[in-house]
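Take a look at the structure set out below.
Just so it is clear, the structure is predicted and the values come from calculations on it, not from any experiment. We use all heavy atoms of the structure for the numbers below, so side chains are in, but hydrogens, waters and symmetry mates are not.
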Amino acid sequence: MGVPHISNRSGRQPERWSRRGMLAALGAVPAAVVLTGCSGSADASEGTPTASARAAAKKAAITVSPADGTRKADFAAPVEVTVTDGTLASVKVTGNDGSTLAGSLDDTKTTWTSTTNPYSGTRYTVAVTAQDGTAETAAFTTKSPGETFVGYFTPEANTTSGVGMPVSLNFSHAVSDRAAVQKAITVTAEPAVEIVGHWFSDTRLDFRPETYWAAGTKITLGLRLKDVRGSARVYGVQSKDVTFHIGREQISTVDLSTEEMAVRRDGETIATYPVSGGDSDHTTWSGIMVISERFKQTRMESSTVGLGDEYDISDVPHAQRLTTSGTFVHGNYWAATSVFGSRNTSHGCVGLHDAKGANDSSVDGYKFYESSLPGDVVIVKNSGEKTVEPSNGLNGWNLSWSDWKAGSAV
């Protein structure tokens with residue numbers, strides 16, 4: 001059969017392709033594919049780092065506050081260490097006094113904060129290491145406080161007192177931030193008992209339990225006042241522990257209706273003494289009083305207690321202070337022996353028969369003095385006078401427990 005004839009209506013001769021031309025044309029197709037592949041995503045992932053890879057390649061950046069080289073850093077704020085692009089492995093803060101500051105990490109382990117503030121006037125070195133091995137050391141010095149205060153405490157360290165002795169502190173500077181100061185002071189007892197502080201003024205803070213201390217109690221006073229703010233620009237300086245002990249229980253009761261004092265030790269009456277209290281114009285304070293000072297002999301002048309020139313006795317024997325305002329229980333050698341136990345003739349003190357020179361061991365004044373300790377309780381009743389102010393001496397026992405606790409700042 002014949003082959004159909006296809007005519008070229010255009011009149012042009014059909015174009016003929018050479019072998020070289022055909023190969024060139026065929027070669028152009030894969031070239032275009034290769035060019036398209038060069039701009040595709042597959043090759044981009046091989047040549048460009050991912051976000052996680054970039055993050056892994058970054059070095060942890062550590063920041064310390066106060067900054068390295070600070071010379072007057074604030075000691076009223078904690079030390080803080082932070083890290084970016086990583087987590088913290090260890091932080092150590094050491095003072096030039098050998099002390100260290102403890103601290104803790106947050107949940108992300110990117111921030112470390114000291115649990116206490118640095119001390120004033122101290123140089124600190126901060127050594128930090130991140131989990132990736134990055135390490136950094138910084139140093140700073142805290143400033144010194146402008147003004148300072150201390151607490152003078154009663155009783156004295158390592159002494160033995162009676163069961164009525166409170167722990168009393170008198171501050172050298174008025175305290176406006178009572179809560180901060182009270183929190184920095186601890187008073188603990190063995191055997192344990194609840195102990196509460198009571199502010200009598202902005203310079204006096206006393207501590208006591210609900211009832212008298214148990215005989216034989218060991219008491220520890222902890223002062224952590226260093227760098228504690230007492231008032232504007234005034235900071236404490238003490239950081240110490242002191243201990244003292246409670247001896248036997250001795251409670252003496254003075255009944256001025258009978259002019260007699262009964263002395264009970266550990267629950268048993270060991271002595272009774274005839275006494276003479278304040279007369280009708282100079283009545284003796286009533287209430288619970290505590291011996292705060294003791295003098296074998298001392299001078300007593302009426303002018304010091306607002307009584308003009310009524311008396312001036314240079315050698316009062318066996319004087320034991322009961323109030324700040326001048327009430328004592330003391331020996332008396334200038335009154336007739338018959339006065340004691342029969343009449344109240346003093347200017348407000350409680351007197352016992354005694355001898356001049358304070359060396360006669362046979363007289364009542366000597367005997368009572370020798371049997372007594374600071375902190376012993378002396379109760380005065382039927383004196384015709386109102387109850388002594390709790391702040392007048394160490395006489396906070398005249399406050400109920402609820403009233404005592406109401407004077408606490410914490």
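Checked by atom type and distance alone, the side chain of S303 never pairs as donor or acceptor with a backbone atom of E301 at under 3.5 Å. Put simply, the side chain of S346 gets close to the backbone of G278: a donor and an acceptor are under 3.5 Å apart. A distance-only check finds no donor-acceptor pair linking the side chain of S383 to the backbone of T283 [under 3.5 Å]. Between the side chain of N382 and the backbone N or O of D255, no donor-acceptor pair lies under 3.5 Å. Judged by distance alone, the side chain of T387 and the main-chain N or O of S286 form no donor-acceptor pair under 3.5 Å. W213 contributes no side-chain N or O that, together with a main-chain N or O of G162, makes up a donor-acceptor pair within less than 3.5 Å. Looking at D206, its side chain never comes within 3.5 Å of a backbone N or O of P166 through a donor-acceptor pair. In this structure, the side chain of T323 does not engage the main chain of G393 through any donor-acceptor pair within 3.5 Å. Side chain of E136 to main chain of T129: no donor-acceptor pair is present (N/O by atom type, distance under 3.5 Å, no hydrogens or angles). In terms of modelled atom types and a separation under 3.5 Å, the side chain of D403 and the main chain of W401 share no donor-acceptor contact.
For S120 against K143, the heavy-atom pair with the smallest separation is CB-O, 3.3 Å. The minimum heavy-atom distance linking F140 with A73 is given by the pair CD1-CB, 3.8 Å. Residues P274 and D364 come closest through the heavy atom pair CD-OD2, 3.5 Å. Nearest heavy atom pair, residue R229 against residue V181, reads O-CG2, 4.2 Å. I246 approaches T160 most closely through the heavy-atom pair C-CG2, 4.1 Å. Across all non-hydrogen atoms, the minimal contact from M289 to V388 is CG-CG1, 4.0 Å.
When side chains are defined from C-beta on, E80 does not count as touching S114, because their heavy atoms never get closer than 4.5 Å. The closest side-chain heavy-atom distance from T122 to N96 is below 4.5 Å. At a threshold of 4.5 Å between non-hydrogen side-chain atoms, the residues D360 and Y366 do not count as touching. Proximity of Q320 to S372: side-chain heavy atoms (C-beta onward) are separated by under 4.5 Å at one or more points. Side-chain contact check for V329 versus Y369: every heavy-atom pair is 4.5 Å or farther apart. Between T82 and T84 the shortest side-chain heavy-atom distance does not fall below 4.5 Å. Side-chain contact check for V150 versus F171: every heavy-atom pair is 4.5 Å or farther apart. Put simply, the side chain of N395 does not reach to within 4.5 Å of the side chain of W397, judged on heavy atoms.
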side-chain contact (heavy atoms from CB on, under 4.5 Å) between T284 and V350, worked out: CA-CA 8 Å; T284 305; V350 175; 4.2 Å; yes
R264/T269 under side chain to side chain donor-acceptor pair (under 3.5 Å): CA gap, chis, key distance, verdict: CA-CA 4 Å; R264 291 177 63 83; T269 301; 3.1 Å; yes
Intermediate values then yes/no, side-chain contact (heavy atoms from CB on, under 4.5 Å), H245 and I219: CA-CA 6 Å; H245 297 82; I219 302 170; over 6 Å; no
Criterion side chain to side chain donor-acceptor pair (under 3.5 Å) on S276 and T345, from CA distance to verdict: CA-CA 6 Å; S276 179; T345 60; 3.2 Å; yes
side-chain contact (heavy atoms from CB on, under 4.5 Å) between V234 and T148, worked out: CA-CA 5 Å; V234 181; T148 60; 5.8 Å; no
Trace of the side-chain contact (heavy atoms from CB on, under 4.5 Å) decision for L88 with V128: CA-CA 8 Å; L88 293 169; V128 188; 3.7 Å; yes
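By the 6.0 Å contact criterion, CD on E156 is open, its count of non-hydrogen atoms from other residues, nucleotides or ligands being 12 or less. Environment of CZ in R343: sparse, with no more than 12 heavy atoms of neighbouring residues, nucleotides or ligands closer than 6.0 Å. Environment of CD in E389: sparse, with no more than 12 heavy atoms of neighbouring residues, nucleotides or ligands closer than 6.0 Å. Residue F200 qualifies as enclosed at atom CZ: its count of foreign heavy atoms under 6.0 Å is above 12.
Taken from NE2 in H318 to CD in Q297, the straight-line distance is 7.5 Å, to the nearest 0.5 Å. Taken from OG in S391 to CG in L394, the straight-line distance is 11.0 Å, to the nearest 0.5 Å. The structure places CD1 of I251 at 9.0 Å from CG of D376, a figure rounded to the nearest 0.5 Å. Put simply, CG on L307 and OG on S302 are 6.0 Å apart, with the number rounded to the nearest 0.5 Å. Here the OG1-CD distance, from T272 to E260, works out to 5.0 Å after rounding to the nearest 0.5 Å. One finds the OG1 atom of T154 at 7.0 Å from the CG atom of N170 (value rounded to the nearest 0.5 Å).
Annotation: cation-pi geometry not satisfied between R204 and W199 (NZ/CZ under 6.0 angstrom from ring centroid, within 45° of ring axis).
D97 and Y119 share no side-chain donor-acceptor pair at under 3.5 Å. No side-chain donor-acceptor contact under 3.5 Å links T94 and T125. Checked by atom type, the side-chain pair N344/D279 shows no donor-acceptor distance below 3.5 Å. Remark: the S408 side chain and the Q182 side chain contain an N/O donor-acceptor pair separated by less than 3.5 Å. The closest side-chain donor-acceptor pair between N392 and S325 falls under 3.5 angstrom. Residues R71 and T141 have side chains that never bring a donor and an acceptor to within less than 3.5 angstrom of each other.
Relative ring orientation between F328 and F295 is described as tilted, the plane-to-plane angle lying within the 30° to 60° band. Between H347 and Y311, the ring-plane angle classifies as tilted under the 30° and 60° cut-offs.
Note on E194 versus K405: salt bridge recorded, some NZ/NE/NH1/NH2 to OD/OE distance being below 4.0 Å. Taking the charged nitrogens against the carboxylate oxygens, D315 and K356 do have a contact shorter than 4.0 Å, which makes a salt bridge. Between R224 and D241 there is a salt bridge, since at least one side-chain N of the basic residue sits less than 4.0 Å from a carboxylate O of the acidic one.
Aromatic ring centres of Y273 and F340 lie farther apart than the 6.0 Å criterion allows.
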